[in-house]
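Input: a single structure, listed below in C-alpha cells.
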Amino acid sequence: MPDQTFLDSTELVLNMGPQHPSTHGVLRVILKLDGEKVLGTECIIGYLHRGVEKIAENRTYAQFNPYVDRMDYVAAISNGLGYCLAVEKLLNVEAPPRAQAVRVILTELNRIASHLLWLGTHALDIGAITPVFYCFREREEALKIFEKYCGARLTTHAFRIGGLLYETYDGFEQDIRDFCNMFIPKVDEYEELLTNNRIWVARLKNVGVLNADECKEYGVTGPVLRAAGVKWDLRKAQPYSGYEKYEFEIPTCQNGDTYDRYTVRMEEMRQSIRIMRQAVESIPEGPIMGKVGKVVKPAVGEAYVSIEAPKGELGYYIVSDGSTQPYRCRVRPPSFVNLQALDRMIHGGLIADVVAVIGTLDIVLGEVDR
Amino acid sequence: MADEQKPGGSQAPPPEGGGAPKPPAKPAGEAAKVTPKPAAPAPPPKPPAIMAATPWDSDLARELKERFGDRILQTATYLGQNFIVAKPDSAIPVLEYLKLEADFDYMVDITAVDWPKRAERFDVVYILYSFPRNERVRVKIYIPDGYKPETAVGVHLTANWLEREVFDMFGIEFAGHPDMRRILMPEEWQGYPLRKDYGIIQQDQRWVQENLGIESGQ
C-alpha cells in the first residue's frame, strides 16, 4: 500500500483477515477506504502454502495422488480426477468405461457438495443464517455416499491412476438415485428462501460486476465466467471422462454480477443431478482399472490436462523425465487466478460488499496457496 | 534418469522443416543431420531420453514461421498437444500475435521448469487457450539463470500474479512487471523453493528463527 494513503485524512486503510470468518480461510485483504467506499484492495496470500508442487517432485506419481485432495479440500474428488487424467494422458492410457462413469457420478456429486458449501457460507456472509443449515444437511448426504464408497468424507483419494481402486458398493446406484430425487426439491427450497428475497437481491444485484472481456483478461473461469455470458464449460468444450455422452446445459447469465453467479451455480447443481441421473442408469459393466503397471513410469514428455472443477479450470502441467517421479508438476488453480480479479470487482463498491464478493468468488485458500 | 535432461538446448532448433517456402538451406541441412539421432542411442529397447515430439503441421505453425522466421525455434506436438519454442526475447511478440491475430485470448497459466544441468537453465511456459478456436497451445522459452524475460502483463492482465509466483518459486524476474514481489512465500524469505537445488526440507533458518521464535521448523 503506498505511503500517500496516510497523507490524505479522508482515506483509511483497514486490514481484514487472515483470521476473519468471511474470508473463508486465511485470506488477508488490505482495504483502502474512503468512508464506506472501497478505493483499492491488496490480497496477501500464502498463509496456507505447503509447497504441494515441491512435494510432487519428491513423491512417485501414485504417492502424490492423495496430496492433491488437500488443495481444494471441499472438492477433493475433482482435484483427484484432474491429476489422474493428467498422468493417464502422459501414460497414454484411458480409464475403462465403467470407471469413467463412476468418476463422473462422484465428481458431479462433489460439485454439488462444493456448491452447497459455497451457498451456505455465502448466504451466511450476507446475513442469512438459515441456508447454511439446510445446505450442510444435504451436503451430509453427499459426504455419506463418499464415505460408503471409499471410507473418507473430505479428502477422499477416490480415484487411482488408470481407473478406480474400489468397485462400487452394493446399493450405490440406489443411493445416487435417492440422492437425486431428494435433492431437486431441496434446491427449490433454497431458491424459495433466497431468489426473490428482497434483502438478498438488494445485496447481490449489481455488486462485484465482472464482464466477459474482463473475465478473459484476468483468466477467470468457472461460474464467474459463465455469469458474464460466456457459454464455456470444459465438460462441453473439451470433454473428458465420457462427459460427451451426457446431455446437460451450460447455464449462463448476462450481467456478471454477484446475483448472476448465484443463479448460475444454482442451475449448475440441477444440471449435475441431470448428469448423475443419466450416468447412474448407464454404468457399463467391465473392469474398473486400465492397463497401468504397478510402477507408474511415463515416457519423457509433458502434458497439460485440465478439467472443469467447481471453481473453474483446474489444470495440471506435468513434466516427466522418464522416472517414477514427476519432474515438475504444476497445478493451475482456479481459485488463485480468480482471486486476482477481486480488486477489479470491489473497486468503487461499498465495504459491506467485500464479503459478498469474496463469497461469490468461491475461493478455497488451500487451493490458492497450495 | 534425471541426468538425461540435456536435450532442449541443443536439440531445440531443427525439427520443423515441413514448410518448404522460406527456410534457407542451412537449417534444413542441420535438421537432416539431427533427426536420425533419437533413434541411434537405442539398440536395446530403451525409451528415448528426450520428448518424442513430432513437428506440428498446421496453418498457425506456418503463419508463425513466416512472421517470426528464426525467432521461432520449434513448433511441435506431443500427445496431441501443440507447443511453440521461441527465442527468449520473442516471447511477448509471439504472445501478442497469438492474442490479436490468432484469437488466443485467454492466458491459462505461466510456469517454469528448472533444468540445472542445461545451459539455458529454465523453461518458462505460457499456456494459452482460444475461446473461438477451442484450442490450446503452449509457448516456451529457454532462458539462462539471471536472464530477465519481459513481462506479459501488457498482453494478458492475468500474467501479474502468475509471474509473481514464478518469481517467488524460481527467482526468475520479469522485466517491466508492475509489482515484482513474492506472492506465496514471506517477502523476506531467502531462496527459491522450486529450484532443483533447493532441498525438500530446506528452509530459511534465519527467517524462521526471527519470525516464528523457534529454533527450526523441522
Side-chain angles (χ1 to χ4, degrees), chain A residues 42-49 51 53-55 57-59 89-90 92 212-221 225 230 232 234 236-238 297-306 313 315 317 319-325 327-328 330-333 336-337 339-341 344 368-370, chain B residues 1-5 7 46-53 78-81 83 105-115 123 125 127 129 131 134-136 138 140 155-162 164-166 168-169 179 182-187 189 193-196 198-202:
Chain A
E42 189 192 347
C43 289
I44 296 178
I45 57 175
Y47 292 95
L48 220 53
H49 181 59
E53 291 169 18
K54 187 75 179 177
I55 294 172
E57 293 171 10
N58 291 274
R59 296 285 179 276
K89 176 89 184 169
L90 271 178
N92 218 349
D213 288 339
E214 287 169 334
C215 282
K216 288 177 187 171
E217 199 53 44
Y218 277 104
V220 172
T221 45
L225 178 68
V230 181
W232 185 77
L234 273 169
K236 285 268 193 211
Q238 302 187 337
K297 207 172 166 186
V300 179
E302 55 181 45
Y304 175 80
V305 174
S306 59
E313 175 175 349
Y317 173 68
V319 178
S320 162
D321 63 350
S323 71
T324 54
Q325 300 176 335
Y327 187 78
R328 171 93 174 92
R330 159 73 180 166
V331 185
R332 190 270 181 198
F336 176 82
V337 179
L339 183 60
Q340 192 179 181
R344 174 66 64 95
V368 173
D369 296 343
R370 283 156 290 139
Chain B
M1 275 272 147
D3 313 355
E4 294 172 325
Q5 307 318 305
K46 193 181 152 204
I50 61 157
M51 180 162 45
Y78 181 68
L79 295 172
Q81 302 186 342
F83 62 90
D105 46 358
Y106 161 30
M107 174 165 273
V108 181
D109 201 0
I110 303 176
T111 188
V113 185
D114 183 11
W115 305 95
D123 292 1
V125 186
I127 303 174
Y129 176 81
F131 285 104
N134 187 20
E135 199 181 316
R136 277 181 205 288
R138 290 196 292 271
K140 295 207 263 182
V155 191
H156 298 270
L157 276 177
T158 185
N160 189 331
W161 279 23
L162 295 171
R164 276 179 71 187
E165 194 183 336
V166 172
D168 193 356
M169 294 296 148
D179 188 18
R182 285 183 176 271
I183 186 162
L184 293 177
M185 304 296 289
E187 249 172 82
W189 194 271
L194 278 181
R195 288 187 173 204
K196 287 285 173 184
Y198 197 94
I200 176 91
I201 57 165
Q202 193 178 333

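To find a chain, count down the sequence lines: A is the first, B the second, and so on, and within it residues start at 1.
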Proximity breakdown for [X] and chain A, heavy-atom pairs closer than 4.5 Å:
X	value
B:Phe83	side chain
B:Ile127	side chain
B:Val125	side chain
B:Arg138	side chain
B:Ile110	backbone
B:Arg164	neither
B:Asp114	backbone

To the nearest 0.5 Å, what is the distance between [atom1] on [X] and [atom2] on [Y]?
X	Y	atom1	atom2	result
A:Gln340	B:Thr158	CD	OG1	5.0 Å
A:Ile45	B:Ile183	CD1	CD1	4.0 Å
A:Arg332	B:Leu162	CZ	CG	7.5 Å
B:Gln81	A:Glu302	CD	CD	8.0 Å

Side chains of [X] and [Y] in contact at under 4.5 Å (non-hydrogen atoms):
X	Y	answer
A:Lys54	B:Met169	no
B:Tyr129	A:Thr221	no
B:Asn160	A:Tyr218	no
A:Arg330	B:Val113	no
B:Thr111	A:Arg328	yes

Check your understanding: So, for A:Val300 and B:Tyr78, which heavy atoms are closest and what is the spacing to 0.1 Å?
Key ->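 Taking every non-hydrogen atom into account, O-OH, 3.2 Å.
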Check your understanding: What's the shortest heavy-atom distance between A:Leu90 and B:Leu79, and which atoms?
Key ->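 That closest heavy-atom pairing would be CA-CD1, 3.9 Å.
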Residue [X] versus chain B: region with a heavy atom under 4.5 Å:
X	answer
A:Val220	neither
A:Tyr317	side chain
A:Leu48	neither
A:Asn58	side chain
A:Ile44	neither

Review point. Given the options A:Ser306, A:Cys215, A:Ala303, which has more heavy-atom pairs under 4.5 Å with chain B than any of the others?
Key: A:Ala303
Review point. Between A:Glu214 and B:Leu157, is a side chain to side chain contact (heavy atoms under 4.5 Å, CB included) present by the stated rule, with each step listed?
Key: CA-CA 9 Å; A:Glu214 287 169 334; B:Leu157 276 177; over 6 Å; no
Exercise for review: Apply the side-chain hydrogen bond (donor to acceptor under 3.5 Å, both in side chains) test between B:Tyr106 and each candidate in A:Lys216, A:Glu313, A:Glu217; give the one that qualifies.
Suggested key: A:Glu313
